[in-house]
Student: 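Take a look at the following structure, please.
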Amino acid sequence: MGKTYIFGHKNPDTDSIVSSIVMADFEKKLGNSEAIACRLGNINKETEFVLQYTGVKAPELIEDLEDGAEVIMVDTANVAEVIPNLDNVKIKRIVDHHQVLLHTAYPLFYRAEPVGCTETIMYKLYKEYGLEIDKTIATLMLSAIISDTLLFKSPTCTEDDKKAAKELTQIAELDYEVYGMEMLKAGTDLSSFSIEEILNLDAKANEFKGVKAIVAQVNTASIPEVMKMKTELEVGIQKIIAERQLDLFMLLITDIIESNTQTIAMGNRADIVEKAYHVKLEDNTAFLEGVVSRKKQVIPVITENA
Ligand code: MG
Ligand code: MG
Ligand code: MG
């Protein structure tokens with residue numbers, strides 16, 4: 001058996017990193033000893049906290065793979081978010097909880113469910129295959145579920161996510177509220193990043209109805225704290241818009257305590273944001289009450305209003 005490379009999306013979040021590690025464990029338990037957890041970008045502060053807590057090493061950083069390599073994709077099914085030569089590798093499996101944005105010329109194991117986190121699906125797979133989840137794996141899985149659902153407060157969170165998290169909490173033997181808040185707060189530390197890095201930490205490119213957009217998100221415990229950098233952020237956004245010829249760049253500054261978002265939206269189609277949320281952008285910014293989920297409360301809403 002050759003090597004199997006496992007990766008999530010670029011600008012990896014905790015779910016993408018954890019999913020590659022967990023999938024490697026899953027594959028090994030199924031007898032594939034050459035499953036390798038990989039990542040397509042830097043580890044963020046929140047994930048760093050999780051890896052330090054569990055003592056697990058970060059997946060191997062890769063940029064591309066040889067043609068013909070066998071791969072498993074987790075937490076993404078978006079061709080634009082992964083390796084450049086996806087058409088020339090062999091996808092063995094996909095486990096994901098996003099839109100289906102690829103097709104293949106061959107059959108593969110594809111498991112997608114509209115749940116809050118990839119790890120909720122992985123949890124089900126371990127059960128279905130009768131595999132044991134050890135304490136470290138349980139802690140990793142739980143961390144990803146807390147991250148993607150913002151401690152079960154995001155509208156993307158389902159009963160399945162809550163059920164998986166409850167059982168994983170028992171195996172992990174930790175107080176998920178205390179641990180989860182500490183983990184989320186670790187992710188709000190932007191102090192070591194440049195403006196360019198902040199804008200790229202969790203950015204997703206989207207194209208809809210002829211609109212080229214990037215929606216980036218940062219978590220914070222204090223919106224005013226991040227807004228102190230507004231002028232610099234605007235300069236950085238303007239630069240990205242020019243370089244990538246975007247119609248819209250939307251930065252979501254999401255308050256993880258109060259579950260709201262302040263957005264900075266720029267570009268020749270910033271009007272979409274005004275229309276979508278019935279707000280007026282003042283100096284490129286508006287408050288979006290109750291908005292926390294890019295996947296559920298932003299991408300579909302701006303797509304519809306484009
Ligand atoms: Mg993700
Ligand atoms: Mg995810
Ligand atoms: Mg996310």
Side-chain angles (χ1 to χ4, degrees), residues 6-24 26 37-51 58-59 61-62 71-83 86 93-102 110-126 137 139-165 168 180 183-184 186-188 200-206 214-219 252 254 256 292-300:
I6 306 164
F7 52 78
H9 54 80
K10 286 182 186 169
N11 302 333
D13 54 7
T14 297
D15 190 23
S16 267
I17 297 296
V18 160
S19 291
S20 66
I21 297 166
V22 170
M23 181 59 89
F26 180 80
C38 302
R39 63 186 160 98
L40 303 180
N42 295 331
I43 302 279
N44 69 30
K45 288 281 163 85
E46 182 194 275
T47 312
E48 198 177 291
F49 175 92
V50 175
L51 295 177
L61 180 65
I62 59 165
V71 310
I72 295 178
M73 282 166 64
V74 285
D75 193 37
T76 181
N78 186 348
V79 278
E81 282 191 330
V82 293
I83 52 170
L86 191 69
R93 257 180 226 283
I94 297 177
V95 177
D96 184 35
H97 66 132
H98 295 88
Q99 272 176 289
V100 180
L101 287 170
L102 91 178
Y110 195 127
R111 176 80 170 253
E113 291 189 37
V115 290
C117 180
T118 307
E119 287 318 295
T120 299
I121 310 170
M122 287 308 298
Y123 171 79
K124 293 184 189 186
L125 286 171
Y126 272 76
I137 293 293
T139 307
L140 290 170
M141 287 175 141
L142 180 64
S143 303
I145 296 173
I146 290 170
S147 168
D148 267 9
T149 66
L150 290 177
L151 253 175
F152 316 112
K153 286 191 297 188
S154 168
T156 55
C157 186
T158 67
E159 283 310 311
D160 287 10
D161 298 299
K162 289 180 194 161
K163 185 170 175 270
L168 290 166
M183 182 199 84
L184 289 174
T188 66
N200 198 44
L201 271 177
D202 181 12
K204 283 193 197 288
N206 272 83
I214 287 180
V215 182
Q217 187 165 34
V218 290
N219 287 346
L252 310 173
T254 299
I256 54 164
V292 294
S293 168
R294 171 174 48 198
K295 183 161 74 171
K296 217 160 183 166
Q297 295 169 298
V298 179
I299 302 295

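In listed order, ligands and their atoms are each counted from 1. Since we're looking at a predicted model, the values are computed, not measured.
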Student: Name of the D13 N, O or S atom nearest the Mg ion (ligand 1)?
Tutor: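 Nearest to the Mg ion (ligand 1) within D13's N, O and S set: OD2.
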
Student: Check each of V50, I6, L140 against I21 using the side chain to side chain contact (heavy atoms under 4.5 Å, CB included) test, and report the only one that passes.
Tutor: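 Option passing the side chain to side chain contact (heavy atoms under 4.5 Å, CB included) with I21: L140.
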
Student: Flag H9 as yes if one of its N/O/S atoms falls below 2.8 Å of the Mg ion (ligand 1), otherwise no.
Tutor: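 Under 2.8 Å: H9 contacts the Mg ion (ligand 1) through an N, O or S atom.
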
Student: Within this structure, what is the CD1-OG distance for the pair I43 and S16, rounded to the nearest 0.5 Å?
Tutor: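 It comes to 10.0 Å.
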
Student: Flag D96 as yes if one of its N/O/S atoms falls below 2.8 Å of the Mg ion (ligand 2), otherwise no.
Tutor: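 So D96 does not bind the Mg ion (ligand 2) by this criterion.
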
Student: Between the Mg ion (ligand 2) and D75, is there an N, O or S atom separated by less than 2.8 Å?
Tutor: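 So D75 counts as coordinating the Mg ion (ligand 2), yes.
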
Student: Closer than 2.8 Å to the Mg ion (ligand 2): does that hold for any N, O or S atom in H97?
Tutor: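 Yes, H97 qualifies, because one of its backbone or side-chain N, O or S atoms lies under 2.8 Å.
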
Student: Among I146, I145, T47, D148, which residue meets the side chain to side chain contact (heavy atoms under 4.5 Å, CB included) test with T14?
Tutor: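 Only one of I146, I145, T47, D148 forms a side chain to side chain contact (heavy atoms under 4.5 Å, CB included) with T14, namely T47.
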
Student: With T76 as reference, evaluate K204, E81, Q99 under the side chain to side chain donor-acceptor pair (under 3.5 Å) test and give the passing residue.
Tutor: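 It is E81, the one option of K204, E81, Q99 that forms the side chain to side chain donor-acceptor pair (under 3.5 Å) with T76.
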
Student: Could E48 and K45 be called an ion pair, given the rule that one side-chain N must be under 4.0 Å from one carboxylate O?
Tutor: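 So E48 does not pair with K45 through a salt bridge.
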
Student: If you look at D148, which of its N/O/S atoms is nearest to the Mg ion (ligand 2)?
Tutor: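 Of all N, O or S atoms belonging to D148, OD2 is the one nearest the Mg ion (ligand 2).
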
Student: I would like to know whether D15 and T118 meet side chain to side chain donor-acceptor pair (under 3.5 Å); could you show each step before the answer?
Tutor: CA-CA 7 Å; D15 190 23; T118 307; 2.8 Å; yes

Student: May I ask you to check if any N/O/S atom from D15 comes under 2.8 Å of the Mg ion (ligand 2)?
Tutor: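 Coordinating: yes.
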
